[in-house]
Amino acid sequence: MKRLASCPQDCPDACRLLVTVEGGRVVAVTGDPDHPVTRGFACAKTTRYPERLYAKDRPIHPLKRVGKKGEGRFVQVSWEEALSEIAGRLEEILDAHGGEAVLRYNYAGTMGLIQGRRPLLFFRAIGASELDETICAATGEAAWAEIYGPEKLGVDPEDVPKAKTVVLWGANVVSTNSHLVPFLREARRRGARIVAIDVYENKTARFADRFFKVRPASDGVLAMGIAGELFRRGAADTGYLARYVEGWEAFREAALSYRLEDAARASGLAPAEVEELAETLLSGAPQLFRVGYGMTRHESGGAALLAVLALPVILGAWRHEGGGALLSTSGGFRLNKRRLTGLQFWKNARPKGYFRPNPYARHVNQIQLGRALTELKDPPVRALFVFNANPAVTAPNAGLVRKGLLQEDLLTVVLENAMSDTARYADFLLPATHPLEHQDLYTSYGHYWLSWSEPVADPPGEARPNTWIFAELAKRLGLDLPELEEPPEKTARELLDTAHPFLIGIDFERLRRKGSLKLALPRPFLPYARGRPDGKRLRLPVPRFPTPEPDPAYPYRLLTPPAHHFLNTSFGMIPALRAAEGGEPRVMLHPEDAKREGLRDGEYVEIKSPRGRIVRRVRVTSWVQPGVLVLEGTWRAADAPDGKSVNELTPDDESDLGGGSAFNAAWVCLKKR
Ligand SMILES: Nc1nc2c(c(=O)[nH]1)N[C@H]1C(S)=C(S)[C@@H](COP(=O)(O)OP(=O)(O)OC[C@H]3O[C@@H](n4cnc5c(=O)[nH]c(N)nc54)[C@H](O)[C@@H]3O)O[C@H]1N2
Ligand SMILES: Nc1nc2c(c(=O)[nH]1)N[C@H]1C(S)=C(S)[C@@H](COP(=O)(O)OP(=O)(O)OC[C@H]3O[C@@H](n4cnc5c(=O)[nH]c(N)nc54)[C@H](O)[C@@H]3O)O[C@H]1N2
Ligand SMILES: [Mo]
């Protein structure tokens, strides 16, 4: 039997999958041929869903720790035993320390709005510490908002074939947004030129017509140099700027102060190459900038993205279909989320039992989980609930996270549908359904299709949806939270109940019938052709790029971009995908650096940062540049030769904008072993 379902992964593509099911089990996965973005193909990862869903070590019964913390030794218990014991411990913690002693840690393990977002209600109802979800997009979002306002409305990928110049800037789309590739090929067939700008030669660099390898964190200066050149050549769309853009004169002044040589020196390109970039932009309009979050994960990553995002504004590219920028399309989904995550409790407190809504609850930045667990006082964090995330290896400064997770007096509850690294640290490991086993509503950050997904397979063992688990806990705490128990259809209806014009004609019944519907975008879709959608003008703030003082003890910058065959850690349990990534994590090192360090291809090296040390096998390759190391993918710690996550090395400091992560600002040194 073949059934359609939505792919839940944290990926811009938000595919519709065609799933073959036999006896309630998924046996094969491909893409929905009728979905205009999925176009019938599933990626290297999702075709492996059967292996992920039925992995031998998937937790399918409630488990209670018997070994030491982190050992991963559990005994099976009943749901009743697990839930009542957790509720009892929670009650003690709430009595002794109040709600803020409880912390959730969640991210986008499923992009489904119901199983992804609804559980927040539980935490807001008990006045738990608020988690700022900054690990991925916060810096990019903040940079976007400075220029374009709070809604991220990217170019519709289905309009990409109309672009004449495409710049893939710090976006490895061939690996991380593979369903954009057919649209790029179509643009190329119609005469577009595709250039890629990245710090190493990744798959997208090889796909592009021209590749520019730039120094990490140099994009801001490079973009300002290009902007200066555009103004000098009289190529700026001054009509557009004068009418729709605030602050452009000051921006122009600033841009003119960057010479081609400045941009060249910072980026490591030749001045002629910077000029070539400017000329490429002028050779074919409209220009499309597909920008990634990778370049934002630096000390001044927000400013860098600001400068890059200014280029389509200066060129007036937004006036034409296919022109502009594409960071995310998430701002198109103007759903009615008022009640989804319990924010309404902050406005109308309804005290009952432990029901202590607290709009002023302490905020914890998720990239500083280790600090929160080990340093916070008044109250200390005494209970941690992890769902839809694997912070033991995906959060920065993993050594400190581990120290926090090992604390005896911390109650750790993990909801999982895989034996994740974090699951091993759980006091209670609760079996969650996989999104192919429950209903949910999905938006996308790479296109404008909304979807509804029915379960296609039976949940194994005693697995339950996240919302069921939190509803049961709420009951045992005497909380009145009927929202957690309401049928997903009801939540979906409410989410779709909005007067926003993009949602006109999209009601739940139609969405359920069709499975997937495109937002009712105006045609042509030119969201910033006349300033912001809200009628305000765009803004071009002048970005500043402080250069960090280099520490000679840590001469290399380590970058850790996504791996082609993984989705963060979500597919690490599949041997074939690990094999496709080379069997173990490898650190890429330039031949010159290898020579200086006396390292040969295939040898192991110790990599050390001020926060920790790990051991990795070396891959000597000129895909990278001198002084820059690249390690693709967040591997499960157990698959590394030393059992340690690469995030032992990464900083938990905030970037310059939005409190976002700065994974790529990891300065390290190498020690031959
Ligand atoms: N296959 C696969 N797909 C994924 C993921 C995955 O793990 N694997 N992860 C998903 C998630 S959570 C996200 S957020 C997105 C990832 O989205 P993004 O973070 O946008 O990741 P990429 O598109 O890979 O773009 C990152 C690129 O930025 C480059 N980069 C890093 N620093 C700099 C810099 O200073 N300048 C420039 N020019 N480039 C730089 C990296 O080398 C890398 O090639 O992808 C999603 N899709
Ligand atoms: N060094 C370095 N570290 C990084 C990055 C980097 O570029 N470099 N990228 C960062 C980025 S962009 C991101 S987004 C984060 C991602 O980090 P995480 O959010 O931790 O992502 P995953 O490792 O995929 O973990 C998601 C988990 O959710 C589980 N899950 C899936 N569906 C469900 C469900 O329905 N219920 C429950 N309970 N669980 C479910 C999966 O089994 C999986 O273990 O990592 C960040 N970490
Ligand atoms: Mo992400």
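First listed ligand is number 1; within each ligand, the first listed atom is number 1.
Ligand 2 has no atom lying under 4.0 Å from any heavy atom of H434. At least one heavy atom of R52 sits under 4.0 Å from some atom of ligand 2. Residue contacts with ligand 1 leave out H565, since none of its heavy atoms falls under 4.0 Å from the ligand. Distances from ligand 2 to the non-hydrogen atoms of T433 include at least one value under 4.0 Å. For the ligand labelled ligand 2, residue Q115 lies outside the 4.0 Å heavy-atom shell. Y445 counts as a contact of ligand 1, since one of its heavy atoms falls under 4.0 Å from the ligand.
Contact detail for L629 and L589: the closest heavy-atom pair is CD2-CD1, 3.3 Å. Heavy atoms only, all atoms of each residue included: I469 and R464 are closest at CD1-O, 3.8 Å. Pairing each heavy atom of S267 with each of L222, the nearest pair is OG-CD1, 4.1 Å. Residues P543 and A303 share a closest heavy-atom pair of CB-O, 3.7 Å. Closest approach of A266 and V221 over heavy atoms only: CB-CG1, 3.6 Å.
Remark: among candidates E632, R297, H564, M111, the nearest residue to atom 19 (O) of ligand 1 is R297, based on non-hydrogen atoms. Nearest residue to atom 21 (O) of ligand 2 from T634, N106, T650, N568 is N568 (criterion: closest heavy atom).
Considering backbone and side-chain atoms together, T394 places an N or O closer than 3.5 Å to an N or O of ligand 2. Between P561 and ligand 2, no N or O atom pair is found at a separation short of 3.5 Å.
Closer than 4.0 Å to atom 17 (O) of ligand 1 lies none of the heavy atoms of the protein.
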Trace of the salt bridge (charged side-chain N to carboxylate O under 4.0 Å, His left out) decision for E276 with R210: CA-CA 11 Å; E276 183 193 334; R210 178 83 165 94; 2.7 Å; yes
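Residue, atom and distance of the protein heavy atom nearest to atom 35 (O) of ligand 1 are A217 N, 2.8 Å.
Counting heavy atoms under 4.0 Å from ligand 2, residue N390 touches it through both backbone and side chain. Contacts between S570 and ligand 2, counted as non-hydrogen atom pairs separated by less than 4.0 Å, involve both the backbone and the side chain. With a heavy-atom cut-off of 4.0 Å, T422 does not touch ligand 2 at all.
Residues F571 and Y49 place their aromatic rings such that the two centres sit under 6.0 Å apart.
Residue N172 has at least one heavy-atom neighbour below 4.0 Å for each of these atoms of ligand 1: 22 (P), 23 (O), 24 (O), 25 (O), 44 (O).
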